[in-house]
Amino acid sequence: MIPNILAALFFLLPQLQNFMERSNSRVFVLLMWWIQPRLYVGRAMHEDILSILKYVFFWAVLLISKLAFSFYVEISPLIDPTKFILDQRIGNYEWHQIFPFLPRNLGVVITIWAPIVLVYFMDIQIWYALFSTAFGGVSGALNHVGEIRTLGMFRARFKSMPEAFSKCIAAKQREQALKQRSFFCVWNSFINSLREEDLISDREKDILMAPSSSSNLSVTQWPPFLLASKVPTALHMAMNSKEGDEHELIEKVKLDRDRYNAVIECYESLMIILNSLLLDSNDRNIVIEIDRKVTYSMTNKTFLEDFEMAEIGKVSATLAKLLQFLSEPINGAEERKIVNALQDFMEITTRDFMKDGQSISKDEDERKQSFTNLNMDMIKDGFWREKFVRLHLLLTMKDSAMDVPTNLDARRRITFFANSLFMKMPRAPHVHDMISFSVLTPYYNEEVLYSSYELNRKNEDGISILFYLQKIYPDEWNNFLERIGVDPDDEAAVKGHMDDIRLWASYRGQTLARTVRGMMYYRRALELQCYEDMINDEADLGGEEAARSKAIADIKFTYVVSCQLYGVHKASKDSREKGLYENILNLMLTYPALRIAYIDEKELQLPNGKIEKQYYSVLVKGDDEEIYRIKLPGKPTDVGEGKPNNQNHAIIFTRGDALQAIDMNQDNYLEEAFKMRNLLEEFLITHGKSKPTILGVREHIFTGSVSSLAWFMSNQETSFVTIGQRVLANTLKVRFHYGHPDVFDRLFHLTRGGISKASKVINLSEDIFAGFNSTLRRGNVTHHEYIQLGKGHDVGMNQISNFEAKVANGNGEQALCRDIYRLGQRFDFYRMLSLYFTTVGFYFNSMVAVLTVYVFLYGRLYLVLSGLEKSILQDPNIQNIKPFENVLATQSVFQLGMLLVLPMMMEVGLEKGFGRALAEFVIMQLQLAPVFFTFHLGTKSHYYGRTILHGGAKYRATGRGFVVRHAKYAENYRMYSRSHFVKALELLILLVVYLAYGSTYRSSSLYLYVTVSIWFLVFCWLFAPFVFNPSCFEWHKTVDDWMDWWKWMSNRGGIGLAPEQSWEAWWMSEHDHLRNARIRSLLLELILSLRFLIYQYGIVYHLHIVHGNKSFLVYALSWLVVAVALMSLKVVSMGREKFVTRFQLVFRILKGIVFLVLISLLVLLFVGFDLAVTDVGASILAFIPTGWFILLIAQLCGPLFRRLIIEPLHKLCCPFGTGAACRGPCCAKFRQRTGAALHKMGPWDSIQEMARMYEYTMGLLILLPIAVLSWFPFVSEFQTRLLFNQAFSRGLQISRILAGQNGSGTKRD
């Protein structure tokens, strides 16, 4: 009692508890020993009192709400009916009673309450989703997330951005002009990067660009998009004005301050341009005279009397024509056009526009000689060209430019950058004084740069990656062609720029080239910022500012890509691997600051003549120039997992105080790179109890536009990396590292084990262990949303499934690791809840949600087959059965897999508006998002449960390419058979049995009310892989899939074959997880398999042939049928083994005899024992699960026999006493002989044939609906529209129609 009281007291005094845990004083050590065991890891982890109050409040409100809801909605309605059932005598059993001595109908009560109890403990996850959404939304709103989410909001606040920029980004400026100049410098670099990335066109770039240098104008110059249509509107007002209305005209123009300033800017800019363009002094005098008259008229307010307003439109048109010529490239013909346009402009101005312009105009001959001596060098200068373009835009833009830019990604980046300037962030120091940092990217064997062959290679539908990208990104393709100066209709010219096309396509995929380009934006941003620092400080470096900026940027930033196989690729003769090496080498030549680290393997001959392999960590740069070489004790990737050890061997080559971990599928943006200085300053600021050791950064998923699946995953990941991590870091204080672009305190982590744990299997999800490690060692993990990076994600169904399986496996291993144990032990109760429900608890509850369905249906199966449900529903004493059905149906809500929709809706609402969020939600439902999420609920539960039960998690490569191919039926069957199809068919049989044996006394509406969500679950698990499989419902594809699957199923022989080649090889590989399983997990698997026996036990008593006999002998005789079936399979199997090669006729006769015997027995049962036709169908329902039970038991017998008999015997016989660990030749021979003997002892061939029969049946049942739907062409059209966006769907159909070809390139009938 006393330790608990002290623990509660210290909970309210976290600083005192932290001090006591850190202290080595004997008094404190004795006191802490009394309260808790001596700690070596996890000391002083308690947060500050404010953080404690926040997460205690979160969980207190959540638990109160959950407990109240559970009591009043789930538990209270069942109390009275349960009491009534306990008091009633319901003994009308329709089978041989299993528990005859069970008192007071406890079987019924347990059956009804079991799923409720599971829901009671699992639905906290639902409440967490609700409360995290609410708290995350409020926190995001308080942090100004989404305040600027449209172009209209962006324009409204653009003029305040220089001030916000000066507070956050740049060094503090005193004068407004300097603030604008510094901001415009960054803004123009941002816009230029958008043009380089082909997100905007040349015209859009000119509209968005701010003046690059200050001009001697009396007004402030803003980008043209803010001044669009201002000048044309003012000219229209002037044209419609009458003499004497000058004051009114000026006041109307001044109503819009931007319009007034735009008019003044146009006039003053025109005067500057003309005075600089004209070299002849007489021509200049004419311009000066015109300027004098205009100034005089404006001063005396006689402008409308002195000028002909009706001609101002003509003046504007001729001036726009002149500016158009000035902004174009200059040659001999263009010079003449410029002169003519200038003469026309001056003539119209002096003769038509000015009423007394004759005094300054000349006669015809002199006029032809005037305005011919122009400064052509000035026209070629980029500074002046910018002024020409700007003035031309101000004169000619008649729309509001509200749709500029048109590209959605450009809009997103512009609005996020603008919004981030108004968020709270530290002030950036000078580049010279900032924290230096490195970026580390692990790379294995992925694509670096797409080759022309890969881009133009067509899949079986005739679709190439290049065509796919052109349809997905049509505006960016047009911008790209404009940038390289190629006509889109000139195919030969387009093909001549294949190197540029390769880069364009690679920058839209998940390639290393895209990642390197993005990370090198850091260096580019630092160069620019360093140069600006020198300019603002007015440093006199004698013109060496640019060189000094590059040198400082190189000191402050280092980028290392750990290319594990770079040395192997370099020496390889394989064309693909050689291409990877050459592409990486080109990246180093393109980016001189890039460094490549790799593991080099060399063979060294020892003095005794033996060859020894030695391994080195090598760092190279430039043209493969070696910088460092460090000898390693062995090959790192053989010791642990590949990716973390790939990082660990290269981390020594990084520099600086901070380290950013970047995956190979991530990207960066120049405008975000400008804010890196601000982010690094967070290391110097105390957040809560201490300064941070990991800075969390948000991400943007850039693969969301590829397909509907990619969009679903993009929304799911976006909600996690924004609202999810906002709650984890700021409210619950349990944010860790999740493989995102987090920034580490490099020195802190290098002295505490690094950023990647790499032990085999247990550290499969290596990223999160860095967060565990940091938290256990008094680190502090924060999250910051004013900066973001890009990230690619899986875009195909099978890729996503592999990713979900990998994460579920990783969470299964986390549940078994010591880190979770230590965190759970050292956290207080509320923080422990946060840890559980945001890590392994989410996957555990997903598994419980699926388990609830099984418990519910098997409970109903027990009630309906035993006759108890019938007794309850037809008992006249029970008046109200509705509470049972209501509460039993509540579990159905939790199977939809849509828990992640709530955070998605909130985050989209914050950043895009709640109207947009509602629209996206509706579109997601139309594109079958519930089917997708429900399917992956099964993926999570299967792989998490298997890992918890048997271990053996493994890395699964997901692939990072574009999924435009059709996955074969056999491939989908292999991938989802055990995780989804078997479970769905089991649920289907349960639903059918429940329907068949309860339809006589139960209404169909009641059945649907209780089971509709489970039917939906079954549909999702069976058909989601095919609904989201491109071209799955095309008839010729279905035929090809059928032939391929049948060939795979029929291929015999599993030894030496890959699972993709033979069903037998795949079937054996599916049991790999059992081979190394422990005895208790095998026994638990055995106990779970017993559920399949309830079908046979219950159904045989309902057969017509038993005539209501409830004796146990009926069930015993039913096993005789099973034995006959197994004997038949064994006879056929033995006959195939002995006669199929040499005595084919004998084998056929044997099969015929077996068939005739079985038919004879069936006829005998019909005639002699009154077997009904319905009994045949019922027997099939009964014996199918029994056969599956036999298969499961057979699979468990081998591992159990090895664990219980062979391994102990092996250990006794091993001369070294090591048993299974021995790898000597005698032990290898022993294992081989015992394995062969075990194979001969059991009926394994018969079991295998039985399993093949089941697989045939399952495959046909699933393929049949697909084949039926493939008959209707509109189904395939609908699926294409469902999977891909409209542009691709339209382009795909047009391509097929024009080409008239199928996948093989031949003409279709």
Side-chain angles (χ1 to χ4, degrees), residues 18-19 21-24 38-47 434-442 555-560 562 595 597 617 619 628 630-634 636 639-641 643-662 679-697 729 733-759 762-763 765-782 817-820 822-823 826:
N18 286 336
F19 171 76
E21 290 181 4
R22 288 195 303 266
S23 175
N24 290 320
R38 176 64 174 161
L39 299 175
Y40 297 95
V41 177
R43 297 165 62 171
M45 289 168 42
H46 309 284
E47 292 293 330
M434 69 175 285
I435 296 175
S436 57
F437 71 104
S438 296
V439 176
L440 178 61
T441 299
I555 293 173
K556 294 297 180 179
F557 169 70
T558 304
Y559 185 32
V560 178
S562 183
R595 302 291 183 263
S617 285
L619 186 71
Y628 298 112
I630 301 173
K631 187 176 180 180
L632 302 173
V639 179
E641 294 289 347
K643 178 185 173 183
N645 269 331
N646 192 19
Q647 290 179 310
N648 288 337
H649 93 90
I651 197 171
I652 193 65
F653 299 126
T654 59
R655 297 182 300 172
D657 299 323
L659 175 63
Q660 186 172 32
I662 293 293
L679 181 66
L680 294 174
E681 286 298 294
E682 299 281 2
F683 281 120
L684 307 178
I685 300 174
T686 300
H687 292 263
K689 65 172 183 178
S690 61
K691 296 177 181 179
T693 53
I694 299 179
L695 303 177
V697 179
K733 301 301 290 184
V734 288
R735 189 195 186 277
F736 302 111
H737 173 56
Y738 306 97
H740 304 296
D742 296 350
V743 183
F744 292 82
D745 183 331
R746 179 172 172 270
L747 298 180
F748 177 91
H749 288 88
L750 277 179
T751 55
R752 289 164 178 82
I755 65 171
S756 297
K757 283 194 174 183
S759 299
I762 193 71
N763 295 135
S765 299
E766 80 286 345
D767 301 305
I768 197 169
F769 286 94
F772 292 163
N773 191 47
S774 183
T775 304
L776 283 167
R777 285 156 177 81
R778 299 202 297 272
N780 189 8
V781 185
T782 59
C817 73
R818 71 179 74 178
D819 301 79
I820 284 287
R822 287 169 173 170
L823 287 169
R826 293 301 307 125

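Since this is a predicted model, take the numbers as computed values, not measurements. All residue numbers in this chain count up from 1 along the given sequence. Basis for what follows: all heavy atoms, side chains included, without hydrogens, waters or symmetry-related copies.
- With a 4.5 Å cut-off on side-chain heavy atoms, D767 and K643 count as touching.
- Atom-to-atom distance recorded for T654:OG1 and R595:CZ is 13.0 Å, nearest 0.5 angstrom.
- Listed for the S756 side chain is no donor-acceptor partner under 3.5 Å among the backbone atoms of E766.
- Within a 6.0 Å radius of CD1 in I652, no more than 12 heavy atoms belonging to other residues, nucleotides or ligands are found.
- Shortest non-hydrogen contact noted between P741 and I662 is CB-CD1, 3.6 Å.
- Here the CD1-CD distance, from I762 to E641, works out to 10.5 Å after rounding to the nearest 0.5 Å.
- Contact check for F557 versus V439: side-chain heavy atoms found under the 4.5 Å cut-off.
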Test side-chain contact (heavy atoms from CB on, under 4.5 Å) applied to I694 and F748, step by step: CA-CA 10 Å; I694 299 179; F748 177 91; over 6 Å; no

Between R735 and T782, does a side-chain contact (heavy atoms from CB on, under 4.5 Å) hold up when you go through it step by step? CA-CA 7 Å; R735 189 195 186 277; T782 59; over 6 Å; no

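- The distance from the CG atom of L659 to the CD1 atom of I755 is 5.0 Å, given to the nearest 0.5 Å.
- Looking only at distances, no side-chain donor or acceptor of D745 sits under 3.5 Å from a matching main-chain atom of F683.
- Residues V560 and A597 come closest through the heavy atom pair CG1-CB, 4.0 Å.
- By the 4.5 Å heavy-atom criterion applied to side chains, Q647 and L440 are counted as neighbours.
- Between F736 and F772, the two ring planes are perpendicular [angle over 60°; tilted spans 30° to 60°].
- A donor-acceptor pair is defined here as one N or O able to donate and one able to accept, closer than 3.5 Å; no such pair exists between the side chain of D819 and the backbone of F769.
- The closest side-chain heavy-atom distance from S436 to R655 is not below 4.5 Å.
- Note that the CZ atom of R826 and the CZ atom of R43 stand 10.0 Å from one another [nearest 0.5 Å].
- When all heavy atoms of F744 and A661 are compared, the pair lying nearest together is CE1-CB, 3.8 Å.
- The CG atom of D657 lies 8.5 Å from the NZ atom of K556; values are rounded to the nearest 0.5 Å.
- Nearest heavy atom pair, residue K689 against residue A44, reads NZ-O, 3.7 Å.
- Atom CZ in R752 sits 8.5 Å away from atom OG1 in T693 (nearest 0.5 Å).
- At distances below 3.5 Å, not a single donor-acceptor pair connects side-chain atoms of N780 with backbone N or O atoms of G688.
- In terms of modelled atom types and a separation under 3.5 Å, the side chain of R746 and the main chain of S438 share no donor-acceptor contact.
- For the residue pair T775 and M45, the shortest heavy atom distance occurs at O-CG, 3.5 Å.
- Side chains of T441 and Y559: a donor-acceptor N/O pair is present below 3.5 angstrom, by distance only.
- Taking all atoms of both residues into account, the shortest heavy-atom contact from L695 to L679 is CD1-O, 3.2 Å.
- Side-chain contact between F437 and V743: absent, with no pair of heavy atoms (C-beta onward) separated by less than 4.5 Å.
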